[in-house]
Amino acid sequence: MHLLSRFLCNCSQHWGTKAHCYSFVYHLGLFLFLFLMRVTFFFLLLSTLNSFGQTKDHVAVSGTKVSLIPPIGFSSAAKFSGFEQASTGASILVAELPSPYQQTAAGFTKSNLASRGMTLLQQEQVKLGGTPATLFSITQQANGITYLKQILAFGDPAKTVLVTATYPEQSRQIEGPIKAALLSSVYNAKQQSKALPEANKFAVNVSGTKFKFAQSLAGSMLLYTPDGKVPSQAKDKALFMVGNSLSSVAVTDRKQYSIERLKKLPEGQTNQVRTINAVTINGLSGYEIVADGKGPNNETQLVYQTILFESNGGYYIIVGLTDNNFDTHLPLFKAIANTFKRG
């Protein structure tokens, strides 16, 4: 899982403010989906994780089947699955992934993280009501600031739950309460997944196309695949994604920012811009980029990206990826992107 450590590193380079911490949440979700599309196993339903240790103090995490006891001062996030603390910019994100627990946890190695400028401080084997879990402590310098992360991973051969806390080192005093919150995590297969208050207030129209809705990830991203499954079982692995920033981001040069975001996609450093054009969709202006890149196996792939900026500093990102039939997929990606609408 070298790609995982690289993605975490790339995202954390954009930290430095509360908005950047929230931006990490979105990009983590984007990477995790892309990674899962490359894993060669069937998507199985979770069958061995059961409810354990749930109390009246537990708070259900919207959009998931996980609950935990949040630290004092943290409130449920409106735009992602988890909790946030406005005063420190700290966040706790919960993501459920169709990826084997052991395989996912194995990717958090010292060498993988160090190769991307991250330091694994500690790896601890813990128990959640008898269920094996791993707690990782990680640090990294970004924009002259040191950030700390605690990542709890647990699951089974069919599924992984990642509970990720991010906070600046200057707020280290919340480290203990955050760890306690993570270790209070409970998975309940019978728990109803409540919708996020501000989740997915945007949409695209894929009717009449090859794409089908597959999943809403962490309340901030819509995923589409040819067969509507995650990961896709179709021979054609083309994918289309639409997401939103989770907080305002100060962007002075929108064109340059769009190019930089292209480079932060998985395998993004291989992306070579073919064309970049100013666009306006649904009353929002931004930039559309068509690029040639390389996939994880060095295969050539077409990369389509459009970022639409809001006046308040937020933005929407639209991404299409394929390794086949470029001439057919490019107009399809553009056509779907142009159906984008805010809720």
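Please read these numbers as outputs of a predicted model, since none were measured by experiment.
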Point to revise | Heavy-atom neighbours of D253 CG exceed 12 at 6.0 Å | key: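 Atom CG in D253 is packed in, count exceeds 12.
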**Study point:** NZ/K212: more than 12 non-hydrogen atoms of other groups inside 6.0 Å
**Key:**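 No, NZ of K212 has 12 or fewer neighbouring heavy atoms, counting only those of other groups under 6.0 Å.
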Any side-chain donor near an acceptor of the partner, [X] and [Y], under 3.5 Å:
X	Y	result
Y187	S185	no
H329	K210	yes
Q85	Y167	no
K149	T139	no
Q305	Y287	no
Q125	T134	yes

Tell me whether [X] shares a hydrophobic cluster with [Y], the cluster being built from Ile, Leu, Val, Met, Phe, Trp, Tyr side chains joined at under 4.5 Å.
X	Y	value
L128	L68	yes
L162	Y101	no
I307	M221	yes
F240	V290	yes

Under a 3.5 Å distance rule, please check whether [X] uses its side chain to pair with a backbone N or O of [Y] as donor and acceptor.
X	Y	value
T322	A238	no
D227	K229	yes
S67	H58	no
Q269	K263	yes
T119	L121	no
N282	R342	yes
T339	N205	yes

Does the side chain of [X] reach to within under 4.5 Å of the side chain of [Y], using non-hydrogen atoms?
X	Y	value
F340	I281	yes
F333	F211	yes
L222	V204	no
L239	L223	no
E124	K179	yes
Q102	P157	no
Q103	T160	no
D323	T300	no

[X] side, atom [atom1]; [Y] side, atom [atom2] - distance, nearest 0.5 Å:
X	Y	atom1	atom2	answer
E288	T280	CD	OG1	11.5 Å
Q150	T166	CD	OG1	10.0 Å
I138	L148	CD1	CG	10.5 Å
Q123	I151	CD	CD1	11.0 Å
L152	L135	CG	CG	6.0 Å
S76	I92	OG	CD1	10.5 Å

Practice item. Compute the ring centroids of Y315 and Y257, then answer whether they are less than 6.0 Å apart. Key: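 Here the rings of Y257 and Y315 have centres that are less than 6.0 Å from each other.
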Point to revise | Check: Y316 ring centroid to F202 ring centroid under 6.0 Å | key: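 Centroid distance Y316-F202: below 6.0 Å, so yes.
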At their closest point, which heavy atom of [X] faces which heavy atom of [Y], and how far apart are they?
X	Y	result
K127	P132	NZ-CG, 4.0 Å
I69	A181	O-CB, 3.3 Å
T225	A214	OG1-CB, 3.9 Å
G293	N271	CA-OD1, 3.4 Å
P71	P177	CG-O, 3.8 Å
F154	A133	CB-CB, 3.7 Å

Exercise for review: Apply side-chain contact (heavy atoms from CB on, under 4.5 Å) to the pair T146 and Q140, showing each step before the final yes or no.
Suggested key: CA-CA 6 Å; T146 300; Q140 182 178 12; over 6 Å; no
Below 4.0 angstrom, N of the basic side chain to O of the carboxylate: do [X] and [Y] qualify?
X	Y	result
E96	K159	yes
E175	R172	yes
K237	E299	no

Check your understanding: Step by step, would you call T275 with I289 a side-chain contact (heavy atoms from CB on, under 4.5 Å)?
Key -> CA-CA 6 Å; T275 62; I289 298 178; over 6 Å; no
Exercise for review: I would like to know whether V161 and V66 meet side-chain contact (heavy atoms from CB on, under 4.5 Å); could you show each step before the answer?
Suggested key: CA-CA 9 Å; V161 176; V66 175; 3.8 Å; yes
**Study point:** Worked check of side-chain contact (heavy atoms from CB on, under 4.5 Å) between L93 and V163
**Key:** CA-CA 6 Å; L93 165 75; V163 186; over 6 Å; no
Review point. Which of parallel (below 30°), tilted (30 to 60°) and perpendicular (above 60°) describes Y224 and F213?
Key: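 Rings of Y224 and F213: perpendicular, as their planes differ by over 60°.
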